[in-house]
Protein chains: 2
Amino acid sequence: MTPQTRKKPERRTDPLSREQIVDAAIELLDTAGEGALTFRALSERLATGPGAIYWHVAGKGELLAAATDRVVSSALATGTAGPPGGMHDVALGLFDAIESHPWLAPQIAAQLSHDPTGPVTTRIFEDIGRQVAALDAPASSWFTATSALMHYVLGAAGQNAANRARARGLGPDADRSAYMDTVAGAWKQLSPEDYPFTRAVADQGLDHDDRAQFLAGIDLILAGLTAGPPAA
Amino acid sequence: MTPQTRKKPERRTDPLSREQIVDAAIELLDTAGEGALTFRALSERLATGPGAIYWHVAGKGELLAAATDRVVSSALATGTAGPPGGMHDVALGLFDAIESHPWLAPQIAAQLSHDPTGPVTTRIFEDIGRQVAALDAPASSWFTATSALMHYVLGAAGQNAANRARARGLGPDADRSAYMDTVAGAWKQLSPEDYPFTRAVADQGLDHDDRAQFLAGIDLILAGLTAGPPAA
DNA sequence: ACCTGAACACCGTTCAAGT
DNA sequence: ACCTGAACACCGTTCAAGT
């Protein structure tokens, strides 16, 4: 039992970098969830003390913003041009990124709220907007359509990611469709007087797979765009 | 300087109730913001100790869920039937509630994620869905349309609430349009190569007032619903 | 049945002191 | 320039002890 060399974790010798910190933060968020991102856990993973991180990053908010920016940028890096199916590509890029990183949707929402002119918000708006502009719709509708699409994409993708995470939580054997049956089952048990609509559509969510369902929403909004002024 | 009777806050004599606790929580959230809801601050306001609250409420999560449920329910209490303009009424009910309670949008999103079959989620889905069902659209599109509308309503209303809160933060004199000029100005300064679309639509957000802008998004989605299958 | 309030196990952040 | 690690001011939550 050598009494000294134990207990103290070995410290790193090379200097930290902001990029390494963001990398480690993303890994921690992905593997252990949103609540696991702690300056203590992060510094342990990086073989330093909590104070060291503050030399490279202003605080937790900035760290989360940097992690969000990194993931969103790489998800949107492909397909900036506007081919006919471009809107689906952009939307699915975000959909998949949010599915792989369930913490992403709340973080993007937070960026939208606290810094609407920040890089994350602007990048998403721009990329969706370009696809809108490439369509056959009057320019006066571009802003409204881009907003509608952006909110739908983020909301629906976040919902999907949460569903997947919860399905995984049920155990490794339980697959997604078993979980969706649970949801539909809960809806079916609602009171017919108070929830007639939800009961009626309870199984519509089970027909198609998630991505097809997601894209159906996109196409619905696009149909309104190119159909001219609303009838009502 | 009487040395005893000072310092100790007077305690309440009547028993607490869950309803009073939720009331106080909503008031705290409205007046001091999301970060101010603390069991210590809440118990001080209620003239008790922090432990007393736990007799009536399981924890912070349940308290936030109860506050969210209360506000959403009262916002949707009116207009459950389906007149022609019913969709606007339901959407504006949520829009106004979220504007008066800026903490509401993130909380509804959290409920959607953690408990998609919970009362808040189900109530919103049901009320929007009834309006969809009252429209002249095929039943096979109801689920998709209701999802799209729900995500748009929550996202756009949350964005509006955040904008308003930030405009208020600029000082009591600065009104909303001055703040929106700031946003549009920031967009105008983006690089023309990287953000051509955002620059191009920078002032489209300023034309109409917020509620009209919000309703334009609703109508866009509804136009797609009643226009038949998408062209593309 | 309902409340008290100290205590526990955490946080994010700071900062003198080291190299 | 970059890091250490103890310390500060908080959290949510628990629980023996009171009434």
Side-chain angles (χ1 to χ4, degrees), chain A residues 4-26 28-29 31-68 103 106-107 110-111 114-115, chain B residues 4-26 28-29 31-68 103 106-107 110-111 114-115:
Chain A
Q4 280 131 305
T5 50
R6 271 268 166 257
K7 200 80 190 181
K8 274 236 165 178
E10 51 262 31
R11 311 262 90 165
R12 62 188 303 124
T13 56
D14 56 320
L16 267 179
S17 79
R18 192 185 151 92
E19 204 190 354
Q20 288 170 344
I21 295 171
V22 175
D23 281 342
I26 292 173
L28 207 47
L29 287 164
T31 58
E34 206 160 347
L37 181 61
T38 283
F39 275 79
R40 282 167 179 82
L42 192 58
S43 63
E44 193 177 346
R45 208 183 191 74
L46 290 166
T48 24
I53 299 174
Y54 281 87
W55 184 261
H56 302 274
V57 172
K60 194 170 187 181
E62 191 186 293
L63 180 56
L64 281 166
T68 304
W103 49 273
Q107 284 308 315
Q111 300 279 322
H114 296 119
D115 187 14
Chain B
Q4 279 130 308
T5 49
R6 271 273 164 254
K7 202 80 191 183
K8 275 235 168 181
E10 52 262 31
R11 313 262 89 168
R12 63 186 304 124
T13 56
D14 55 323
L16 266 179
S17 79
R18 192 183 151 93
E19 203 190 353
Q20 289 169 345
I21 294 172
V22 175
D23 282 342
I26 292 173
L28 206 46
L29 287 165
T31 58
E34 205 159 350
L37 181 61
T38 285
F39 275 79
R40 283 167 178 82
L42 192 57
S43 64
E44 193 178 344
R45 207 183 192 75
L46 290 166
T48 26
I53 299 175
Y54 281 87
W55 184 260
H56 303 273
V57 172
K60 192 170 187 180
E62 191 186 293
L63 180 55
L64 280 166
T68 303
W103 49 273
Q107 284 308 314
Q111 300 278 322
H114 296 119
D115 187 14

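Every chain is numbered from 1 and lettered A, B, ... according to where its sequence line falls, protein lines coming before strand lines. Basis for what follows: all heavy atoms, side chains included, without hydrogens, waters or symmetry-related copies.
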Using OP1 and OP2 only, check whether a side-chain N or O of A/Arg12 sits under 4.0 Å from D/dC2. no
Whole-angstrom distance between D/dC3 and C/dA16, as gauged at atom C1': 13 Å
If you measure from CD1 on B/Ile26 to CG on B/Leu64, what distance do you get to the nearest 0.5 Å? 10.5 Å
What distance separates A/Leu16 CG from A/Asp14 CG, expressed to the nearest 0.5 Å? 7.5 Å
Using whole Å, report how far CD1 of B/Ile53 lies from P of D/dC11. 13 Å
Output for pair (B/Ser43 OG, B/Arg11 CZ), nearest 0.5 Å, gives 7.0 Å
Using whole Å, what does the distance between atom C1' of nucleotide D/dC3 and atom CZ of A/Arg18 come to? 18 Å
Kindly say if A/Trp55 contacts the phosphate of D/dC2, meaning a side-chain N or O under 4.0 Å from OP1 or OP2. yes
Would you compute the distance between atom CG of B/Leu42 and atom CG of B/Leu28 and round it to the nearest 0.5 angstrom? 6.0 Å
Tell me whether the OP1 or OP2 atom of D/dC3 has a side-chain N or O from A/His56 closer than 4.0 Å. yes
Which heavy atom in A/Ala36 sits nearest to a heavy atom in A/Ala41, and how many Å separate them? O-CB, 3.9 Å
How close or far is atom P of C/dC11 from atom CD of A/Glu44, stated in whole angstroms? 11 Å
Under the 3.5 angstrom rule, does the side chain of A/Ser17 hit a backbone N or O of A/Gln20 as a donor-acceptor pair? yes
Please tabulate, one pair per line, all N/O donor-acceptor pairs under 3.5 Å involving side-chain atoms of residues 44-60 of chain A, not counting sequence neighbours.
{"from": "A/Arg45", "atom 1": "NH2", "to": "A/Glu27", "atom 2": "OE2", "distance (Å)": "3.1"}
{"from": "A/Lys60", "atom 1": "NZ", "to": "A/Leu37", "atom 2": "O", "distance (Å)": "2.9"}

Watson-Crick and G-U pairing of DNA chain C, under 3.5 Å, as dot-bracket with | and [ ]: ||.|||||...|||||.||
In 5'-to-3' order, the base (B), backbone-only (S) or no-contact (-) status of each nucleotide in nucleotides 12-19 of chain C, using a 4.0 angstrom heavy-atom cut-off, is BBB-----
